[in-house]
Amino acid sequence: MANLDMFFKPNAIAVIGANNKELTIPYRIISNLQAYGFKGPIYPVHPKEKVVKELPAFPSILDTPGPVDLAHIILRRDLVPATIRDCAKKGVKGVVVNTSGFSETGPEGKKLEDELRDLGRSLGVRVFGPNCQGMMNTDLDHPLYSNFTFARIKPGHISILAQGGGVAEVLNSYLSEAGVGIRMYASNGNACDVSIPEILEYWDADPETHVMVLHLESFADPKAFLDVVSKIKKPILGMKSGTTPEGARAVASHTGRLMAEDTITDILFDECGVLRFRTAQELCEAAIAFANQPLPKGRKLGIVTNAGSPAILATDEAVPLGLALPDPTEKTQTLLREKLFATSSVHNPVDMMATATPENWATAVEAVVKDGTYDIVTTSFITPFFVDCEGVARELARIHRENPELPFLVCLMTNPLWEKTRKILADAGLPTYYFPESAARAAAALADMADLKARAKGKVPELKVDRDAVAKLLAAAPDGFLPAEKASEVLRLYGLPVAREKWCASADAVPAAAKEIGYPVVLKAHATALVHKTEAGAVAVNLGDEKALRAALDGMTKSIGKVDAFQVQEFVAGGTEVAVGAVRAEGLGATVMFGLGGIYIEALHDVRFGLAPLTDLGAESMIRRLKFGKLLGPFRGKPGVDQAKLRDVLLRVGRLVADHPVIAEMDLNPVLAFPDGARTRVADVRLRVAK
Ligand code: ADP
Ligand code: MG
């Protein structure tokens, strides 16, 4: 693990490019360092100024009187390399290059940035940035606000890492204003040297960081991310922007690196156990829960409320997210019936009505917490003026203190008149939310993370495949799509259940081939130019006899120009169409895709990706986690398809693309699946080779 103390716990800081103009980056950095109580010396560096912000300034870093371990560089980009050389001479261990104009501006900037990185490496100086803000640390022994923003920071347990300074500030401001606070903060822009995984790894070893919040714009090195982040133990809540083509354009112009596919984020986050969020708001709301609450043991949520309707909102949000809301045990229900007002509901949510007193609250929440049924408890609390709300808050705080192993979230629907009530809850480390749905989502996030952490990785099983024969076949193939006949052969050599077929070089041979396959058959015409056969009228299914076959054949010969080969296949009736694919991802290797096939793949875009080779559990979860996986049944009287067989298909495809990196992409669509796995057939395959 890299020691990044020079960035997060520096002893002395130089600010190179400092001046006395108030609204400039170096001036702000110095002001922030001073205001937040940095304990070591701060050395402004400027060619002429003698004093900057009441501090003695020096013409060069080499003239500073004491040792310096960290330097901010805010100079024109062409002056940066020579400054890094001086820093190295001075013994500076890390530089933060705030200056922009590097890879985010195009190829020329990228070249300069690579030079910076290489220079830093050759001199033993770590480079943070360029085109970045800097760092913060709320550790009382190492208070550090080495950044040029105007934020208020408050000590807490959430560490924030965001490449882009804008999002970093949004997250920080929200969490600090919400009273939760942060532990460390880093916004490292183009991240040319000090990398995202390194910072996460460093924070994993920081005892006061309970959760890390990550906002990425690009994966510089997907493989390194995978290797490092998958070993991190603390929860990481992640987001990646640029998930739409329009968004990706904005990212590209900002950081200079375009991660082509959103799916790579899914794969990497999934493999590394990073919980992914789509919005900054949900990310922050979840982080608040992770800051002080433990992970739950399961997904059973108990709700106690003094107002019915908000609890219903919470329930409606929680259930689709996979939380269960069972009723309390009979014993608890009896107790609640005895102790609460007669109009109360003793089911789940437990609804006490607005008049509930602190004693009622204590009875109900304590009973639910101790009931043994629940893994997470939330209270949905409106603050009536006729109730001692501070008393209620004190009871909630006490119960949480006495039951620290049970995650406890509070939905507090109130206004600033009840600020004291809020403060009692905040001081007890209880996360509070305004909207009931937010509390429900945060509870679901805790449960999702617990599931991710408990998840077994599974094993890559041994499969009987003919690796050498495929290697030979692929070695002989030129770049481009493999003729379909050869692609079928590749699949067979890997034990995949390809539909029975015959290939005919001319139309004359087709009737005999059909006879051999046995009616009904499917006839397909193949030609290099034909990508989507159906659209070109090159597929005829369920041909029951020779007459139907000849009619289809005639039609195809007339409508399609040059045909390379006719394919006669067994007609596979009644299967559920699924799609299996594979694609090589830049910097990561081969990935396998699974989704609902046929027309669904385009309409629903319900697909999952996994890294090849797949593990048994990995393949299983790709199937299980499809959004519309229900369609694989059993569903409305239709029996379910044999999922073990589908898993075997995925594992074999994963093995194939992992064994043969020359396969750039592959599409098995459709694979026809059945309740009886032995009937499963691959009906169409496309395979592209790129060496
Ligand atoms: P393309 O994808 O190039 O249009 P396919 O070979 O996938 O051509 O055929 C199109 C559709 O025809 C498939 O999605 C499937 O619904 C059906 N089909 C193809 N082959 C068979 C087969 N052997 N048995 C049953 N249906 C088939
Ligand atoms: Mg197809």
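Whatever order the structure lists ligands and atoms in, that order sets their numbers, starting from 1. When reading the values below, keep in mind they use all heavy atoms of this one structure, side chains included, and skip hydrogens, waters and symmetry mates.
When each of L268, V592, L588 is tested with L611 by the rule side chain to side chain contact (heavy atoms under 4.5 Å, CB included), just one qualifies, namely L588.
Between D564 and T528, the side chains place a donor N or O and an acceptor N or O closer than 3.5 Å (distance only, hydrogens not considered). Side-chain contact, N131 with N190: a donor N or O sits under 3.5 Å from an acceptor N or O. Judged by distance alone, the side chains of E285 and S438 do bring a donor and an acceptor atom under 3.5 Å apart. Side chains of Q163 and S187: no donor on one and acceptor on the other come within 3.5 Å. No side-chain donor from either of S230 and E271 sits under 3.5 Å from a side-chain acceptor of the other.
Using a 4.0 Å cut-off between heavy atoms, V539 contacts ligand 1 through its side chain alone, with no backbone atom that close. Counting heavy atoms under 4.0 Å from ligand 1, residue N669 touches it through the backbone alone.
Remark: R652 fails to qualify as a cation-pi partner of Y494 under the 6.0 Å distance and 45° angle criteria applied to the six-membered ring. Cation-pi contact between R686 and F481: present, with separation from the ring centre below 6.0 Å and deviation from the ring axis of at most 45°.
When only non-hydrogen protein atoms are considered, atom 18 (N) of ligand 1 lies nearest to V541 CG1, 3.8 Å. The shortest contact between atom 25 (C) of ligand 1 and any protein heavy atom is with V572 O, 3.2 Å. For atom 16 (O) of ligand 1, the nearest protein heavy atom (residue, atom name, distance) is E577 OE2, 2.3 Å. For atom 10 (C) of ligand 1, the nearest protein heavy atom (residue, atom name, distance) is T534 OG1, 3.1 Å. Here the protein heavy atom with the shortest distance to atom 22 (C) of ligand 1 is V522 CG2, 3.5 Å.
Counting heavy-atom neighbours within 6.0 Å of F571 CZ, excluding the residue itself, gives a total above 12.
Under a 4.0 angstrom heavy-atom cut-off, E570 registers as being in contact with ligand 1.
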### Query
Taking it one step at a time, do D642 and T680 satisfy side chain to side chain donor-acceptor pair (under 3.5 Å)?
CA-CA 9 Å; D642 180 353; T680 302; over 6 Å; no

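Set against the non-hydrogen atoms of D684, the atoms of ligand 1 under 4.0 Å away are 1 (P), 2 (O), 3 (O), 5 (P), 6 (O), 7 (O), 8 (O). Against a heavy-atom cut-off of under 4.0 Å, Q569 is close to the following atoms of ligand 1: 20 (N), 21 (C), 22 (C), 23 (N). For ligand 1, the atoms lying closer than 4.0 Å to a non-hydrogen atom of P670 are 7 (O), 13 (C), 14 (O), 15 (C). Remark: ligand 1 atoms within the under-4.0 Å shell around heavy atoms of K524 are 5 (P), 6 (O), 19 (C), 20 (N).
Ligand 1 has no N or O atom lying under 3.5 Å from any N or O atom of A499, backbone or side chain. Note: an N/O pair closer than 3.5 Å links K533 and ligand 1 by distance alone.
In terms of distance to the Mg ion (ligand 2), the nearest N, O or S atom of D684 is named OD2.
Distances from atom 21 (C) of ligand 1 to the heavy atoms of G575, A573, A683, A579 put A683 nearest.
Among the backbone and side-chain atoms of T534, none of the N, O or S atoms lies under 2.8 Å from the Mg ion (ligand 2).
You'll find the side chain of M239 stays beyond 4.5 Å of the side chain of R276, heavy atoms only.
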